[in-house]
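Have a look at the structure below, then the notes.
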Amino acid sequence: MEVSEGSASGNQSYSGSPITNMAQDYLLTILLLLPIDAILSLSMTCKRFRAITSSDTLWKSLCKRDLGSTCVEALNSSNNHHQFPWMRLYKQVSQMDSVCCHKLLDPHGDLDFPTARASHSLNFVSDCLVLFGGGCEGGRHLDDTWVAYIGNDFRRMLKWQTVHSGIPSGRFGHTCVEMGDYLVLFGGINDRGNRQNDTWLGQVMLNENSGVTFSWKMFDVGNVAPPPRGAHAACCIDEKRMIIHGGIGLQGLRLGDTWVLELSDSPCFGTWHEIVTHPSPPPRSGHTLTCIGSSRTILFGGRGLGYEVLDDVWLLDTCQGCLRWVQIVYDLQSIPDGVSLPRVGHTATLVLGGRLLIYGGEDSYRHRKDDFWVLDISAIPYITLQPTTVSSKKMLTRMWKRWKSNGYEARPRSFHRACADRSGRYLYVFGGMVDGFLQPVEPSGLRFDGELFLVELVLQL
């Protein structure tokens, strides 16, 4: 029932409706169950609702609900715990449409720095960047591990340290996934073409006296493990489960299987088991898997059995307690610039606002890309267990958006790696394959890149 502003501002009895007589804590609890549009509509009914729906307390809680507690804590820390404009942040996040790139340089050139490489791993864990392995010139693999502390200073001059003992054997095309305070590494290919299927656990340790240290140890998974592979995709779906899909197996065959690793309560043992469902994504390599929430994981792109470059989107839904793949079908022609979407060797990173930021990669002609695309699954009002077709052009333009890029112009690249900090506002990008117009040049006309740059999501706070 509508309540006039006059009754709300008069004797403060709010007698127009029982809900207006509720204690503010109860009203805040109810409001946090509503979508934003409903909250904004309520704000126009009376002065009390207008005051509550304008409160910093409500909007900070809404940011925690929709952006995540970890993100809110990180943003608050970066603001030195001063009063943060939570309502403005929420509005800005919903309207984001651009990034700004910054090259991270060593001004003196005298610090150790990871060498140029591609198909490596790069993770943000325990406020540190961790880089491992990859391939370099001459088709050789690398077996080095690099760690750099960042903390809350996203533009900090990085001091990389190397780990010299107890490391996995050299490889490229492996995956390395953050699971709580740990990294879980699986698979990869060495420079003799051998596929791996070993599982490793990595951990950062911060010590006031010794600084940052890092250790690897072989993970005990018993007698069952996925077949050996490289160029597969992986992500965690919670702090105890990791999923892998596809890749290039023995004899160069592209795979289409899905496996889940479940960690025990003790961080030294886990078990693998295969998930067999129909339908499921076709075999591929060079694709991405990204968890966008506690029950949803997105698979995008890659190279298929016929060497074609793909643009399909699959959703792995775990909300009902069982894992099921659902394809999200859409028409490229209905998306502005959509013909450029098919790609392999890209990155897809969960960023602020629960969106997927897709960067770089290459098309079927091996043309490398430098564009930024955002995939927003929340634009689809309903997703069933059957293939979901998105035919509305308005819905498609909300689901797929190409973002503008300002600042440093990095070279188009593929098979690079990217990871986001705890806030989801800053991405670190390192390495990859770029066009070989500088020496040394690979015979294929490609070269390995060794630059590190920062991608900042533009907010006017």
Side-chain angles (χ1 to χ4, degrees), residues 35-37 62-72 74-75 86 88-101 124 154 178 233 235-237 287-301 311-317 319 326 328 330 332 335-338 340-341 343 346-361 369-383 388 390 392 394-406 417-429 454-461:
I36 288 296
D37 289 347
L62 287 170
C63 285
K64 285 185 176 180
R65 183 192 75 176
D66 295 344
L67 308 182
S69 296
T70 302
C71 162
V72 168
L75 288 170
W86 297 110
R88 196 189 322 162
L89 170 67
Y90 197 102
K91 182 179 179 180
Q92 288 276 322
V93 168
S94 66
Q95 297 174 346
M96 279 190 306
D97 64 356
S98 64
V99 298
C100 185
C101 299
F124 187 91
F154 62 91
E178 305 100 38
C235 73
C236 71
I237 50 181
H287 51 304
T288 51
L289 271 175
T290 316
C291 183
I292 59 170
S294 59
S295 63
R296 288 183 166 183
T297 298
I298 296 294
L299 181 151
F300 172 68
D311 58 35
D312 52 343
V313 174
W314 290 78
L315 174 72
L316 183 69
D317 202 326
C319 63
V326 179
I328 299 174
Y330 64 96
L332 280 181
I335 304 171
D337 298 321
S340 68
L341 272 175
R343 62 192 63 208
H346 54 284
T347 54
T349 311
L350 179 67
V351 295
L352 184 61
R355 303 178 180 99
L356 208 57
L357 183 62
I358 295 167
Y359 169 66
K369 301 171 181 288
D370 61 356
D371 51 351
F372 291 89
W373 282 86
V374 166
L375 173 58
D376 188 357
I377 293 298
S378 69
I380 306 172
Y382 56 88
I383 297 176
T388 299
V390 182
S392 162
K394 181 179 179 181
M395 196 183 298
L396 271 174
T397 54
R398 288 181 57 206
M399 173 181 161
W400 281 111
K401 288 183 182 177
R402 185 170 181 172
W403 277 13
K404 300 184 289 288
S405 176
N406 305 303
R417 293 295 181 260
C419 62
D421 75 338
R422 289 187 299 121
S423 73
R425 185 182 177 186
Y426 304 103
L427 261 72
Y428 295 88
V429 180
L454 181 78
V455 179
E456 176 184 0
L457 276 60
V458 177
L459 296 172
Q460 303 296 330
L461 297 176

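Looking at Arg425, its side chain never comes within 3.5 Å of a backbone N or O of Ser423 through a donor-acceptor pair. Between the side chain of Arg343 and the backbone N or O of Gly360, at least one donor-acceptor pair lies under 3.5 Å.
Applying the ring-ring contact (aromatic ring centres under 6.0 Å, His included) criterion to Tyr90, with sequence neighbours excluded, gives Trp59. For Phe300, the ring-ring contact (aromatic ring centres under 6.0 Å, His included) criterion is met by His346, Trp400, not counting sequence neighbours. For Trp373, there are no ring-ring contact (aromatic ring centres under 6.0 Å, His included) partners, not counting sequence neighbours.
The minimum heavy-atom distance between Cys235 and Thr297, with the atom names listed, is SG-CG2, 3.4 Å. Contact between Pro336 and Thr397 at its shortest, heavy atoms only, is CD-CG2, 3.9 Å. The shortest non-hydrogen separation linking Leu457 to Gly424 is CD2-O, 3.9 Å. Minimum heavy-atom separation, Cys101 to Val455: SG-CG2, 4.1 Å.
A salt bridge does not link Lys401 to Asp337: none of the charged side-chain nitrogens sits closer than 4.0 Å to a carboxylate oxygen. Look at Asp97 and Lys404 and you find a salt bridge, because one of the NZ, NE, NH1 or NH2 atoms lies within 4.0 Å of a carboxylate O, short of that distance.
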For this session: Please assess Asp376 against Met399 for the test side-chain contact (heavy atoms from CB on, under 4.5 Å), listing each intermediate value before the final yes or no.
Result: CA-CA 5 Å; Asp376 188 357; Met399 173 181 161; 5.8 Å; no
Exercise. side-chain contact (heavy atoms from CB on, under 4.5 Å) between Val390 and Ile328: does it pass, once the steps are laid out?
Worked result: CA-CA 7 Å; Val390 182; Ile328 299 174; 3.9 Å; yes
Problem set entry | Residue pair Leu454, Tyr426: steps toward the side-chain contact (heavy atoms from CB on, under 4.5 Å) verdict | CA-CA 7 Å; Leu454 181 78; Tyr426 304 103; 3.9 Å; yes
For this session: Could you go through the side-chain contact (heavy atoms from CB on, under 4.5 Å) check for Tyr359 and Val429 one step at a time?
Result: CA-CA 10 Å; Tyr359 169 66; Val429 180; 4.0 Å; yes
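At a threshold of 4.5 Å between non-hydrogen side-chain atoms, the residues Lys64 and Val72 count as touching. Side-chain contact check for Leu427 versus Val351: some heavy-atom pair is nearer than 4.5 Å. Under the 4.5 Å side-chain criterion, counting only non-hydrogen atoms from C-beta, Cys63 is in contact with Leu89. Counting heavy atoms from C-beta outward, Leu356 and Thr349 have side chains that stay 4.5 Å or more apart. No side-chain heavy atom of Arg402 sits less than 4.5 Å from a side-chain heavy atom of Phe372. You'll find the side chain of Leu341 reaches within 4.5 Å of the side chain of Ile335, heavy atoms only. Counting heavy atoms from C-beta outward, Asp317 and Arg296 have side chains that approach closer than 4.5 Å. No side-chain heavy atom of Val458 sits less than 4.5 Å from a side-chain heavy atom of Met96.
If you take SG on Cys71 and CG on Leu352, they are separated by 4.5 Å, rounding to the nearest 0.5 Å. Rounding to the nearest 0.5 Å gives a distance of 10.5 Å between CG of Asp311 and OG of Ser340. To the nearest 0.5 Å, the span separating CG on Leu350 from CG on Leu375 amounts to 11.0 Å. Of the inter-residue distances, the one linking Ser94 atom OG with Ile36 atom CD1 reads 8.5 Å to the nearest 0.5 angstrom. Taking CG of Leu67 as the start and CG of Leu62 as the end, the distance is 9.0 Å to the nearest 0.5 Å. Put simply, CD1 on Ile377 and OG1 on Thr290 are 10.5 Å apart, with the number rounded to the nearest 0.5 Å.
More than 12 non-hydrogen atoms from other residues, nucleotides or ligands lie less than 6.0 angstrom from CZ of Arg65.
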